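What follows is one structure encoded as structure tokens, with my remarks underneath.
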Amino acid sequence: MTRKRVAVLISGRGSNMAALIEAAKDPAYPALISLVISNRPDAVGLATAGKAGISTVVIDHKSFGKDREAFERVLQAKLEQEKIDLLCLAGFMRLLSPWLVSRWENRMLNIHPALLPAFKGLDTHARALAAGVKVHGATVHFVVPEMDAGPIIVQGSVAVHADDTADALAARVIAVEHKIYPQALMLVASDRVSIKDGRCYIDGVRVPDAPQ
């Protein structure tokens with residue numbers, strides 16, 4: 001088996017990155033975490049990756065001012081240099097332009113702390129509580145130019161408790177994230193995911209809608 005070479009993009013502690021690194025320690029896992037890139041020099045996740053023996057790179061977005069494409073061209077050049085097959089966003093706090101996204105169509109994954117299409121954007125846990133939903137969770141999806149709108153690969157859910165705070169809910173959701181992101185990457189890296197009419201199919205079966 002030829003393992004797919006994966007780069008993970010982070011901006012902070014990289015807990016989902018760590019979950020992917022842990023999964024990829026299994027020689028039978030179809031993806032190899034080959035590179036971790038951060039747009040912030042002080043990202044805690046860089047040390048985590050380094051301790052795991054993974055190459056790390058900092059591309060400080062502040063160096064490029066408001067020239068988003070200049071930042072992305074340096075990023076793209078590094079990904080090409082390292083012969084990266086798949087790209088995983090793990091707490092990467094920058095919106096990517098259509099220029100870069102188009103180059104990674106159906107090869108760039110992101111994890112979002114909500115059951116998409118509900119609660120796109122930030123502050124998902126507080127918004128879920130304010131909306132009074134009974135079920136919340138996380139979603140791994142392919143990245144498209146529209147934020148949090150790409151085809152859904154895997155979702156995981158948790159029950160919302162009557163006495164939940166945003167922090168308590170977030171703690172349960174992130175445990176789900178750490179399970180479903182390695183699962184989704186495994187499915188994509190083993191070529192078991194296809195896309196038709198904007199929906200993901202796994203082994204030919206359409207990914208179900210989010211639980212209500």
Side-chain angles (χ1 to χ4, degrees), residues 8-20 22-23 38-40 43-45 61 68 87-98 100-101 104-188 193-202 205-212:
V8 184
L9 271 56
I10 64 171
S11 295
R13 63 192 177 117
S15 70
N16 275 302
M17 171 208 70
L20 295 175
E22 186 63 29
S38 176
N39 65 309
R40 295 182 180 276
V44 174
H61 67 278
R68 190 175 296 271
L87 194 54
C88 288
L89 309 185
F92 186 66
M93 303 305 291
R94 281 186 69 79
L95 291 176
L96 297 172
S97 76
L100 186 70
V101 171
W104 292 88
E105 184 177 8
N106 301 338
R107 296 191 298 143
M108 186 192 301
L109 288 67
N110 182 49
I111 190 156
H112 181 73
L115 293 171
L116 293 173
F119 307 117
K120 297 178 180 180
L122 302 175
D123 302 320
T124 58
H125 309 305
R127 289 161 58 205
L129 292 175
V133 299
K134 302 300 183 186
V135 179
H136 189 44
T139 303
V140 184
H141 63 96
F142 286 113
V143 176
V144 297
E146 182 184 348
M147 184 182 69
D148 299 332
I152 291 168
I153 306 165
V154 177
Q155 293 186 307
S157 62
V158 299
V160 179
H161 301 161
D163 60 348
D164 260 332
T165 62
D167 286 344
L169 186 55
R172 294 203 307 284
V173 169
I174 201 162
V176 170
E177 293 179 37
H178 294 166
K179 292 178 181 179
I180 66 171
Y181 211 170
Q183 179 187 358
L185 178 57
M186 179 274 293
L187 291 168
V188 173
V193 180
S194 58
I195 299 175
K196 180 181 178 181
D197 299 328
R199 299 290 297 263
C200 282
Y201 288 71
I202 298 172
V205 178
R206 195 177 86 171
V207 173
D209 293 331
Q212 301 298 315

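Heavy atoms only: backbone and side chains are in, while hydrogens, waters and symmetry mates are out. Computed from a predicted model, the values in this text were never measured in an experiment.
The ring pair (Phe, Tyr, Trp, His ring centres under 6.0 Å) pairs that include a residue from residues 118-160 are H125-H136, where partners are two or more places apart or lie in different chains. Annotation: salt bridge (Lys or Arg N to Asp or Glu O under 4.0 Å) contacts involving residues 153-174, sequence neighbours excluded, comprise D164-R172. Pairs engaging residues 87-98 under the salt bridge (Lys or Arg N to Asp or Glu O under 4.0 Å) rule: none recorded [sequence neighbours left out].
Here the closest heavy-atom approach between residue C200 and residue I153 is recorded as SG-CG1, 3.9 Å.
Not a single salt bridge (Lys or Arg N to Asp or Glu O under 4.0 Å) links E105 to another residue, sequence neighbours left out. Residues meeting the salt bridge (Lys or Arg N to Asp or Glu O under 4.0 Å) test with R199, sequence neighbours left out: D209. K120 pairs by the salt bridge (Lys or Arg N to Asp or Glu O under 4.0 Å) definition with E146, not counting sequence neighbours. For S38, there are no side-chain hydrogen bond (donor to acceptor under 3.5 Å, both in side chains) partners at least two apart in sequence or on another chain. Residues that satisfy the side chain to side chain contact (heavy atoms under 4.5 Å, CB included) test with A23, not counting sequence neighbours, are Y29, P182. Applying the side-chain hydrogen bond (donor to acceptor under 3.5 Å, both in side chains) rule to S11 yields the partners N39; only residues at least two apart in sequence or on another chain are considered. Listed by chain and residue number, E72 satisfy the side-chain hydrogen bond (donor to acceptor under 3.5 Å, both in side chains) test with S97 (two or more places apart in sequence, or in another chain). Residues passing the side chain to side chain contact (heavy atoms under 4.5 Å, CB included) test with L95 are R68, M147, sequence neighbours excluded.
T139 places no side-chain N or O within donor-acceptor distance of the main-chain N or O of Q155, the cut-off being under 3.5 Å.
Inspection of the S15 and H178 side chains reveals an N or O donor paired with an N or O acceptor under 3.5 Å.
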